[in-house]
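Treat the numbers as computed from the prediction; the structure is a model and nothing was measured. So that the names make sense, note that chain A is the first sequence line, chain B the second, and so on, each numbered from 1. Side chains included, hydrogens not; waters and symmetry mates left out as well; all remaining heavy atoms used.
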Amino acid sequence: MSLLSPLRHSPQSEAELLAQAQQLAGYSLGELAAMANLPIPPDLKRDKGWIGVLLEIWLGASAGSKPEQDFAALGVELKTIPVDRNGRPLETTFVCVAPLTGNSGVTWETSHVRHKLKRVLWIPVEGERTIPLAERHVGAPLLWSPSVEEEHQLRMDWEELMDLIVLGQVERITARHGEVLQLRPKAANSKALTEAIGTHGEPILTLPRGFYLKKNFTAALLAQHFLL
DNA sequence: TCTTGATCATGC
DNA sequence: GCATGATCAAGA
C-alpha cells in the first residue's frame, strides 16, 4: 500500500492524472492542505483561488500564472467547481478572457474558448458557505470533452458574443446573452480598463470581460457523469 | 432566492 | 494590465 502524497511531477498520462484525482475524492480540504503543508485561509473571501491552487499541487500541475493548459503535455485543463449537497454547481465557471480587439478573422475553431474546453478535468468540491473551508470534501473527478451537442451550444453563443464585440457593441452585452456561455467583467475592480471597439468603430476603454460557463451547462455535464 | 456585475490575491 | 486561480455580494 502507498500513502497518499502530492504528485511531485507532471502526470505523464491521462490515466495517471485521473488515478491521482480519484485518490483525492472523499478527502477534506483540511486534510489535503495539511498533507501538502499549505496554510488554510479562514475563508475564500480573500483567497478565491485557493482551492484551485491546492488541487494543482496535488495533481502535479505547473502551478501559477502560465498562459497555457494546466497539463500542457496532456492537453488537459483543470477546473475545480463548487457544488451543493446535490452536486449542482454553486457558481459559473470562468473559461478565459475575451479578446476585445484584433478579432478580424478569428473563428470558433481557433478560439481560446474552444482550446480551453477541449479536454477538462472537473473536480467538484463542496462549496456551501455554511461548511467551514477545511471541512469541505473533494468529490469524484470527471475527465470531459464536449459532445457534439455541447460544442454546438458553445459555438453558437461564442459566435453571437464575438459578433457583438467586433461590431462595437461590447458595452451592450450583459450576462443574459448566451444560453450556456456568457460574458461578464473579469477584472481587479471597476477601474481596470482595457481597449475595445466603440459603436462607431473607434477605440474605447472598457472593463475587461471574461467568458463564463453558465450553471445549466456545467450542471448537465456533471449530472450526466453521476447518473450513469 | 438567484443571477449579474464587481471584486480579491499574486507574479511579472 | 494581463494572466493565473475563482467567489463575493448587491439588487432584481
Side-chain angles (χ1 to χ4, degrees), chain A residues 6 10 21 29 32-33 36 38-72 76-86 88-103 111-113 115-117 120-134 136 138-139 157 161 164 170-196 203-219:
Chain A
S10 296
L29 297 180
L32 294 178
L38 189 71
I40 307 174
D43 54 54
L44 297 178
K45 287 183 184 178
R46 313 191 71 118
D47 296 88
K48 296 180 179 180
W50 183 79
I51 298 176
V53 170
L54 174 64
L55 292 181
E56 282 180 353
I57 292 170
W58 274 94
L59 297 175
S62 38
S65 56
K66 290 194 182 66
E68 56 188 22
Q69 286 157 321
D70 295 293
F71 305 98
V76 174
E77 177 74 13
L78 173 66
K79 288 290 182 194
T80 62
I81 183 165
V83 295
D84 66 16
R85 65 190 72 245
N86 299 314
R88 292 195 48 103
L90 288 166
E91 292 286 347
T92 56
T93 302
F94 173 71
V95 180
C96 62
V97 168
L100 302 183
T101 60
N103 284 313
S111 70
H112 291 292
V113 172
H115 184 246
K116 278 275 186 182
L117 298 180
V120 180
L121 179 64
W122 295 99
I123 302 191
V125 178
E126 286 181 332
E128 288 172 332
R129 293 188 214 177
T130 54
I131 309 174
L133 186 55
R136 298 181 192 176
V138 174
D157 285 347
L161 293 167
L164 290 169
V170 63
E171 295 193 313
R172 290 175 56 175
I173 299 174
T174 73
R176 279 156 283 249
H177 285 82
E179 295 293 323
V180 299
L181 191 70
Q182 63 183 179
L183 197 75
R184 306 217 310 275
K186 164 67 173 173
N189 54 60
S190 58
K191 296 175 187 86
L193 300 176
T194 192
E195 187 173 291
I204 61 171
L205 288 178
T206 191
L207 241 40
R209 314 297 164 99
F211 286 111
Y212 294 80
L213 296 177
K214 298 180 72 169
K215 288 195 283 184
N216 60 347
F217 186 82
T218 48

Not counting sequence neighbours, which residues clear side-chain contact (heavy atoms from CB on, under 4.5 Å) with A:Val76? List them please.
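Listed in chain order: A:Glu14, A:Leu17, A:Phe71, A:Leu74, A:Arg119, A:Leu121, A:Leu143.
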Please identify each residue that fulfils side-chain contact (heavy atoms from CB on, under 4.5 Å) with A:Thr93, with sequence neighbours left out.
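Checked A:Thr93 against side-chain contact (heavy atoms from CB on, under 4.5 Å); matches are A:Lys79, A:Ile81, A:Trp122, A:Leu213, A:Thr218.
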Quick one: list whatever passes side-chain hydrogen bond (donor to acceptor under 3.5 Å, both in side chains) with [X], sequence neighbours left out.
X: A:Thr92; value: A:Arg184
X: A:Arg46; value: none
X: A:Ser10; value: none

A:Glu128: salt bridge (Lys or Arg N to Asp or Glu O under 4.0 Å) partners, not counting sequence neighbours:
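A:Glu128 satisfies salt bridge (Lys or Arg N to Asp or Glu O under 4.0 Å) with A:Arg85 only.
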Output all residues satisfying salt bridge (Lys or Arg N to Asp or Glu O under 4.0 Å) with A:Lys116, sequence neighbours left out; order by chain, then residue number.
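Expected list: A:Glu77.
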By the side-chain hydrogen bond (donor to acceptor under 3.5 Å, both in side chains) test, which pairs, at least two apart or in different chains, include something from residues 205-215 of chain A?
A:Glu171-A:Thr206, A:Thr206-A:Arg209
Contacts to DNA chain B from [range], heavy-atom cutoff under 4.0 Å, which residues?
range: residues 122-130 of chain A; value: none
range: residues 39-46 of chain A; value: A:Lys45, A:Arg46
range: residues 179-188 of chain A; value: A:Gln182, A:Arg184, A:Pro185, A:Lys186, A:Ala187, A:Ala188

For atom [atom1] of [X] and atom [atom2] of [N], their distance in whole Å:
X: A:Glu68; N: C:dT4; atom1: CD; atom2: P; value: 10 Å
X: A:Leu100; N: C:dA3; atom1: CG; atom2: P; value: 10 Å
X: A:Lys215; N: B:dC2; atom1: NZ; atom2: C1'; value: 6 Å
X: A:Asn189; N: C:dA6; atom1: CG; atom2: P; value: 21 Å
X: A:Trp50; N: C:dC8; atom1: CH2; atom2: P; value: 14 Å
X: A:Leu205; N: C:dC2; atom1: CG; atom2: P; value: 10 Å
X: A:Asp47; N: B:dT7; atom1: CG; atom2: C1'; value: 14 Å
X: A:Lys48; N: C:dG5; atom1: NZ; atom2: C1'; value: 11 Å

Which residue lies more 5' along DNA chain C, comparing A:Gly49 with A:Glu91 via nearest heavy atoms
A:Gly49
Comparing A:Arg136 and A:Glu77 on DNA chain C - which has the more 5′ nearest nucleotide:
A:Glu77
Within the structure, does a side-chain N or O atom of [X] lie under 4.0 Å from either OP1 or OP2 of [N]?
X: A:Lys116; N: C:dT4; answer: yes
X: A:Ser190; N: B:dT7; answer: yes
X: A:Thr92; N: B:dT3; answer: no
X: A:Thr80; N: C:dA6; answer: yes

Looking at every strand, decide which applies to A:Leu207 at a 4.0 Å heavy-atom threshold: base, sugar-phosphate, or nothing.
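Sugar-phosphate contact only.
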Categorize A:Leu193 for me: base, sugar-phosphate, or nothing, with a 4.0 angstrom heavy-atom threshold over every strand shown.
sugar-phosphate
For the pair A:Ile173 and A:Leu161, evaluate side-chain contact (heavy atoms from CB on, under 4.5 Å) and give the outcome as yes or no after the intermediate values.
CA-CA 8 Å; A:Ile173 299 174; A:Leu161 293 167; 3.7 Å; yes
Counting only heavy atoms not in A:His112, do more than 12 sit closer than 6.0 Å to its NE2 atom?
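Atom NE2 in A:His112 is not packed in, count stays at 12 or less.
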How about CD on A:Glu179, more than 12 heavy atoms from neighbouring residues, nucleotides or ligands closer than 6.0 Å, or not?
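No.
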Counting side-chain heavy atoms from C-beta on, which of C:dC2, C:dT4, B:dG5 comes nearest to A:Asp70?
C:dT4
State which of B:dT4, C:dA6, C:dT7 makes the closest approach to the side chain of A:Phe94.
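The answer is C:dA6, which lies nearest to the side chain.
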Bending between helix ends of the helix from B:dT1-C:dA12 to B:dC12-C:dG1 [5 pairs per end, 10° resolution]:
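Axis angle across the helix from B:dT1-C:dA12 to B:dC12-C:dG1, nearest 10°: 40°.
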N/O donor-acceptor pair under 3.5 Å between [X] side chain and [Y] backbone:
X: A:Asn189; Y: A:Lys191; result: yes
X: A:Trp50; Y: A:Asp43; result: no
X: A:Glu126; Y: A:Arg136; result: no
X: A:Asp70; Y: A:Leu78; result: yes

